[in-house]
Asks: 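Questions regarding the structure given below will be posed in turn.
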Amino acid sequence: MRTVLVVLFDAVQSLDVTGPTEVFAGAETGRAGSYRVRTASLDGAPVRTSSGLTLVPDGTLAEAPAPHTLLVPGGRGTRRPDPRLTDWLREHGPRADRLVSVCTGALLLARAGLLDGRRATTHWAYCDRLARDHPAVRVDPDPIYVRDGRVSTSAGVTSGIDLALALVEEDLGREAALTVARHLVVFLRRPGNQAQFSAQLAAQTARREPLREVQQWITERPGEDLRVEALAARARLSPRHFARAFQAETGVTPGRYVDRVRLEHARRLLEDTPDGVAEISRACGYGTPEAMRRAFLRALGAAPAEYRRRFRPAPTH
């Protein structure tokens, strides 16, 4: 049996706690003897979450059983944590077989020195802070979760569920994780390197109308000619002026934005349709299956066929 110890503190994000907890508890229900979930706070006192809920822990951190998986949630309480919590994590974090953070829980791990030299992520709004305050951490702002050896960090809030499902799959197998996912009515198909944002949300919305229209055009027609020259003509700007203005207002180059939109559209078609790779590559503007394959390997580390095999839901009857 694997003990999962969830650390509680005032102003914790409730879903960071309950999301992963429901995953591990669901796995225990389906396969008795798999997990024992325990919660603990510094003094064993109830904590008030950032949404106003009160959570009653099982006991104190000092008396908590040695965990297999130590899970540190996030929330407003990570901004100015009790030094005693940081000290406890610094001492006990290295002893856990598996160290996990959800959302800004990564800030607590970093403050305790547990992410030094490791690749990690956190909620997109705090990635810059994590990188600035802890330069020894290799911060990756894009994925919904990152696994680096025994340490796993996840992005904002619901991504903790994705990470917990991945851990259950590792421990008990894919069918056990699928059973939990179905019970929770979530998809067991979000890979860890899936972006925290869709292509449209990852980029800022341009202020000027012509550039906003071009953004929408790219999103709706990924299979069209989306070279800078063609996009500039739609915006009635010179290619040089267009490229400079687009990056200044959206935060990404036109080419990078096009790449993201095409990749996102191709992934959606692979997940949701029976269309062949050749057909999808044409519909998404790649032209050839080989070009699409290179794009997938570069961004996701998996070829389109492998991506579909892993992440398309099994048919239901």
Asks: Evaluate the criterion side chain to side chain contact (heavy atoms under 4.5 Å, CB included) for residue pair Phe296 and Leu270; output intermediate values, then yes/no.
Replies: CA-CA 12 Å; Phe296 266 65; Leu270 286 168; 3.5 Å; yes
Asks: Would you call Tyr35 and Leu172 a side-chain contact if the rule is heavy atoms closer than 4.5 Å?
Replies: yes
Asks: Out of the candidates Val72, Leu107, Val12, Leu85, only one should pair with Thr78 under the side chain to side chain contact (heavy atoms under 4.5 Å, CB included) rule; please name it.
Replies: Leu107
Asks: Verify side chain to side chain contact (heavy atoms under 4.5 Å, CB included) between Ile218 and Leu231, making sure each step is shown before the conclusion.
Replies: CA-CA 9 Å; Ile218 294 170; Leu231 298 175; 3.8 Å; yes
Asks: Does the pair Glu264/Arg267 count as a salt bridge with the N-to-O cut at 4.0 Å?
Replies: no
Asks: Strictly distance-based, threshold 3.5 Å: is any side-chain N or O of Arg150 a donor or acceptor partner for the main-chain N or O of Ala96?
Replies: yes
Asks: Of the non-hydrogen atoms in Val277 and Pro289, which two are nearest, and what is the gap between them?
Replies: CG1-CB, 4.1 Å
Asks: Does the Thr104 side chain pair with the main chain of Gly75, one donor and one acceptor, at a distance under 3.5 Å?
Replies: yes
Asks: How many angstroms lie between OG in Ser281 and CZ in Arg293, if you round to the nearest 0.5 Å?
Replies: 13.0 Å
Asks: Where do Arg84 and Asp87 land on the salt bridge (Lys or Arg N to Asp or Glu O under 4.0 Å) test, with the steps shown first?
Replies: CA-CA 5 Å; Arg84 295 179 300 159; Asp87 291 342; over 6 Å; no
Asks: If I take atom CD1 from residue Ile144 and atom OG1 from residue Thr158, how far apart are they, to the nearest 0.5 angstrom?
Replies: 8.0 Å
Asks: Run the salt-bridge test on Asp259 and Arg256 with the 4.0 Å N-O cut-off and return the result as yes or no.
Replies: no
Asks: Give a yes or no on whether the backbone of Ser101 and the side-chain of Ser154 come within a donor-acceptor separation of less than 3.5 Å.
Replies: yes
Asks: To the closest 0.5 Å, what do you measure between OG1 (Thr29) and CD (Glu22)?
Replies: 9.0 Å
Asks: Looking only at atom types and distance, does a side-chain atom of Asp10 sit under 3.5 Å from a main-chain N or O of Arg48, one as donor and one as acceptor?
Replies: yes
Asks: If you round to the nearest 0.5 Å, how far is CG of Asp43 from CZ of Phe9?
Replies: 14.5 Å
Asks: Taking atom CG of Leu263 and atom CZ of Arg268, what is their separation to the nearest 0.5 Å?
Replies: 10.5 Å
Asks: Please report the closest heavy-atom contact between Asp16 and Gly74, naming both atoms and the distance.
Replies: OD2-N, 2.9 Å
Asks: Classify the side-chain pair His241/Arg244 by whether it contains a donor and acceptor separated by less than 3.5 Å.
Replies: no
Asks: Please round to the nearest 0.5 Å and tell me the distance separating atom CG of Leu55 and atom CG of Leu8.
Replies: 6.0 Å
Asks: Can any side-chain N or O of Thr253 pair as donor or acceptor with the backbone N or O of Gln247 at less than 3.5 Å?
Replies: no
Asks: Decide, yes or no, whether a salt bridge links Arg98 with Asp171 under the criterion of side-chain N to carboxylate O below 4.0 Å.
Replies: yes
Asks: Under 3.5 Å, is there a donor-acceptor pair between the side chain of Thr122 and the main chain of Tyr126?
Replies: no
Asks: Between Glu175 and Leu178, is there a side-chain heavy-atom distance shorter than 4.5 Å?
Replies: yes
Asks: Determine yes or no for a side-chain-to-main-chain donor-acceptor pair under 3.5 angstrom, with Glu249 supplying the side chain and Arg208 the backbone.
Replies: yes
Asks: Do the side chains of Trp88 and Val7 get nearer than 4.5 Å, heavy atoms only?
Replies: yes
Asks: Taking atom CG as the centre, does Asp128 end up with more than 12 heavy-atom neighbours from other residues, nucleotides or ligands that are less than 6.0 angstrom away?
Replies: no
Asks: A side-chain contact here means heavy atoms from C-beta on lying under 4.5 Å apart; do Thr250 and Gln215 qualify?
Replies: yes
Asks: If the threshold is 4.0 Å, N to carboxylate O, is there a salt bridge linking Arg129 and Asp133?
Replies: yes
Asks: So Arg119 and Asp140, salt bridge (Lys or Arg N to Asp or Glu O under 4.0 Å) or not? Walk me through it.
Replies: CA-CA 7 Å; Arg119 178 170 164 259; Asp140 190 340; 3.0 Å; yes
Asks: Give me the atom names and distance for the closest heavy-atom approach of His265 to Ala283.
Replies: CD2-O, 4.5 Å
Asks: Are Pro304 and Met292 packed together at the side-chain level, in the sense that at least one heavy-atom pair is separated by less than 4.5 angstrom?
Replies: yes
Asks: Counting only heavy atoms not in Arg240, do more than 12 sit closer than 6.0 Å to its CZ atom?
Replies: no
Asks: Measure from the side-chain N and O atoms of Asp58 to the backbone N and O of Ala40, and report whether any donor-acceptor pair falls under 3.5 Å.
Replies: no
Asks: Check whether Arg36 reaches the backbone of Val4 with its side chain - one donor and one acceptor, N or O, closer than 3.5 Å.
Replies: no
Asks: Can a salt bridge be assigned to the pair Asp97 and Arg2 using a cut-off of 4.0 Å between side-chain N and carboxylate O?
Replies: no
Asks: Below 4.5 Å, heavy atoms only, C-beta onward: do Trp217 and Leu226 meet side chain to side chain?
Replies: yes
Asks: Is the closest side-chain donor-acceptor distance between Tyr286 and Arg262 under 3.5 Å?
Replies: no
Asks: Would a 4.5 Å heavy-atom cut-off, applied to side chains only, mark Val102 and Pro20 as touching?
Replies: yes
Asks: Quick check on side chain to side chain contact (heavy atoms under 4.5 Å, CB included): which of Leu99, Leu108, Val137 does Leu114 satisfy it with?
Replies: Leu99
Asks: Report the C-alpha separation of Phe242 and Glu229 in whole Å, then their side-chain angles, then the decisive distance to 0.1 Å, and conclude whether the side chain to side chain contact (heavy atoms under 4.5 Å, CB included) test is met.
Replies: CA-CA 9 Å; Phe242 168 78; Glu229 293 78 9; over 6 Å; no
Asks: Taking Arg282 first and then Asp275, would you say they form a salt bridge - that is, a charged N and a carboxylate O separated by under 4.0 Å?
Replies: no
Asks: Would you find more than 12 non-hydrogen atoms of other residues, nucleotides or ligands less than 6.0 Å from Arg227 atom CZ?
Replies: no
Asks: Considering non-hydrogen atoms only, spot the tightest contact between Thr153 and Ala120 and give its length.
Replies: OG1-CA, 3.3 Å
Asks: Please give me the minimum heavy-atom distance between Ala112 and Leu89, naming the atom from each residue.
Replies: CB-CB, 4.0 Å
Asks: Using a cut-off of 6.0 Å, state whether more than 12 heavy atoms not belonging to Arg38 lie near its atom CZ.
Replies: yes
Asks: What's the shortest heavy-atom distance between Ala302 and Tyr307, and which atoms?
Replies: CB-N, 4.5 Å
Asks: Kindly indicate whether the side chain of Leu237, heavy atoms from C-beta on, has any atom under 4.5 Å from the side chain of Pro210.
Replies: no
Asks: Hey, does the side chain of Glu28 reach the backbone of Ser34 with a donor-acceptor pair shorter than 3.5 angstrom?
Replies: yes
Asks: Please step through side chain to side chain contact (heavy atoms under 4.5 Å, CB included) for the pair Val252 and Arg260, ending with a clear verdict.
Replies: CA-CA 10 Å; Val252 294; Arg260 288 176 175 176; 3.4 Å; yes
